[in-house]
Amino acid sequence: MQKIVLEMDGIRTHFPLYRGLIVRRQRGQVRAVDGVSLSLAKGEVLGLVGESGCGKSTLARTIIHLAPPTAGKLFLHGADVTNPSPENLAAVRSNVQMIFQDPYASLDPRMTVFDIIAEAVLIKNRLSRKKLTGKVVALMEQVGLAPEFILKYPHEFSGGQRQRIAIARTLAMNPEIIIADEPVSALDVSIQAQIINLMAHLCRQRGLAMLFISHDLSVVKHVSMRIAVMYLGKIMETGPSEDIFAGPRHPYTKALLSAMPVADPEKERSRKRIILPGDPPSPINPPPGCPFHPRCPFAQKKCASTIPPLEPCADKPEQSAACVRKYDDELTG
Amino acid sequence: MMKPDRKNGTSLYRDAVYRLTKNRAAVVGFFCLIVLLVLSALAPLIAPYSFSAQDLALGASPPGPRHWLGTDILGRDLLTRVLYGGQISFLVGFSATAVSLVIGVLYGTVSGYCGGKTDAAMMRFIDIMYAFPFTIFVIILMVFFGRNIVLLFCAIGAVEWLTMARIIRGQVLTLKKQEYIEAAVAMGLSLHKIVLRHLIPNVLGPIIVYTTLTIPQVMLLEAFLSFLGLGVQPPMSSWGLLVKEGADSMEQYWWLLIFPGLALSITLFSLNFLGDGLRDALDPRTAKD
Ligand SMILES: Nc1ncnc2c1ncn2[C@@H]1O[C@H](COP(=O)(O)OP(=O)(O)OP(=O)(O)O)[C@@H](O)[C@H]1O
Ligand SMILES: [Mg+2]
């Protein structure tokens, strides 16, 4: 087992909802992230999947201290960094960096590529002008950008190239952990594989840990060693990538997998899709008990009242599921 | 040829100057403005007459070889009065706008960036100030402090910053949700660097445009205040006041309206062209080359 670098323990991030213009009263809260415990080992790529609005971005923003958690703890190398002091915050921040979903919004339109990357380089070390330029050029080459683009502005690049600039900026901070929030979902399908491969290559080369977020299982499949499936602010299932794809233990994971197209046309035709009834419930009024039970084809009576904890499966300790039934054969019916 | 090893952070402004020089309307506007400014500043040296010298026997005379722009009812040389009036108008226009700019930008940035209850309270205060009748405010000032040109700046600055603050707040509000600001925060960039390198450059466009619109507005407001008796006192004058007087007698003496009006309009157009040019120059996305 590799060394754990990042650990989340029961992270909850709720947003209060207010009513009234002058006298503001709290009306309720959005339970965007509702008790997530995950860990990330050195050099590991963990894929986080879930439908739109299940709280993936909020979890990412909590990890990089942009949205403070309501409850739970966050550990970096075993040290509690849930509420870091202002002095520690800078150190913690430079160690965990995020790549954003929209490469059109995450780069300042009024800065050249040089300024964007140099700004990140200069946070950690003071460099002479000449060394700085050399460093920026080196970073650009590492992400596959030609150095002659150094004085261009973001709007002059395509989406894929912009995401490369964002990756170079992230690498310039020399982080140990990268949070990638749907880094390819705004890109052309033809470009997606290139960017994913680049990110996987850089992580392997530098021994970085990465939390790779996506709403698409097929995107996560290639890069991730482990996968966590999220639904309505909670983790439904987690385990090694192959095991999850080979034998999902949670009905929700099974439904997600069944929605994935298969390359083999023969199999594709015989593929049985599980169509989930209804929409995901609102995180303002989550259903009691298991959050998935109103849509679950295997729901039992007790699912409506008890929240099943995320526990390792008896026969497969490395795979955990938050469901009252945890055996593959039970899910075929 | 530009090299990447130039001073960090200045590239936007350097590129902007380059793009501005390519914009003909902005360059022409800039030169007109400079010419008017220099002429006004040099009024004591180049004006053919004293601004208060009357020639009652001559009275109002049309433009001619002795008085290039004619004279007013009291026989005062209009060219001289336009030159001296420019001094007051530019002084009031620039300083009152500067006052409103400083207050408005600070107030708006704080309100927008802090958000929440602070923002709500600060904006309600602005609403209350808006509802306050300006004329009554001026009369109260006059009663308490008497006639005074410094007071004029304060009075104008006190109304003009309200709109500026609202515009800036709106801009900052949308900007702070931008991912590149969040990325800067996540990198651990300090607050003053975020404000200086990301927030300000990105709100500069609207600030500049609104500033160039405020200056002529302030010049006209000054005319109104001078008319009430606060501010410029006869025989001193300003463009705003000259236009007002000219408008009263334009049926008989057209030149009294045309020339001060021309000076004011040229200033207004020049400022607008320059402002538009600056906004475009500061946005790399509008660059054509
Ligand atoms: N600042 C906020 N204030 C209130 N509610 C919020 C806030 N940010 C997010 N939410 C809510 O939290 C829930 C989770 O949002 P989040 O952006 O984390 O989802 P996501 O899984 O990233 O979705 P997507 O795949 O669309 O990016 C949503 O219902 C959203 O409306
Ligand atoms: Mg998201």
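Side-chain atoms are counted along with the backbone in the values below, which use heavy atoms only and exclude waters and symmetry mates. Nothing here was measured: the structure is a model prediction, and the numbers come from that model. In what follows, every chain begins at residue 1, and chains take the letters A, B, ... in the order their sequences are listed.
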Determine whether more than 12 heavy atoms belonging to other residues, nucleotides or ligands lie under 6.0 Å from atom CZ of B/Phe94. yes

Measure distances from A/Leu107 to the heavy atoms of chain B and classify the residue's part below 4.5 Å as side chain, backbone, both or neither. backbone

Rounded to the nearest 0.5 Å, how far apart are CZ of A/Arg110 and CG of B/Asp15? 12.5 Å

So A/Pro109 and B/Asn202, do their side chains get closer than 4.5 Å, heavy atoms only? yes

Atom CG of A/Asp115 and atom CZ of B/Arg197: how far apart are they, to the nearest 0.5 Å? 6.5 Å

Could you work out, with salt bridge (charged side-chain N to carboxylate O under 4.0 Å, His left out) as the rule, every residue matching A/Arg169, not counting sequence neighbours? none

Can you tell me if B/Tyr107 has over 12 outside heavy atoms packed within less than 6.0 Å of its OH? yes

CE on B/Met187 to CZ on A/Arg93, rounded to 0.5 Å: 11.0 Å

Sorted by number, residues from residues 169-184 of chain B in contact with chain A (heavy atoms, under 4.5 Å): B/Gln178, B/Glu179, B/Tyr180, B/Glu182, B/Ala183

Assess whether atom NZ of A/Lys152 is packed by more than 12 heavy atoms of other residues, nucleotides or ligands within 6.0 Å. no

Count the heavy atoms belonging to other residues, nucleotides or ligands that lie under 6.0 Å from CZ of B/Phe273, then report whether that count exceeds 12. no

When the 4.5 angstrom heavy-atom criterion is applied to A/Met98 and chain B, the contacting part is neither

Winner by heavy-atom pair count (cut-off under 4.5 Å) against chain B, out of A/Asp102, A/Ile64, A/Val96: A/Asp102

Can you confirm whether more than 12 heavy atoms, excluding those of B/Tyr130, are under 6.0 Å from its OH atom? yes

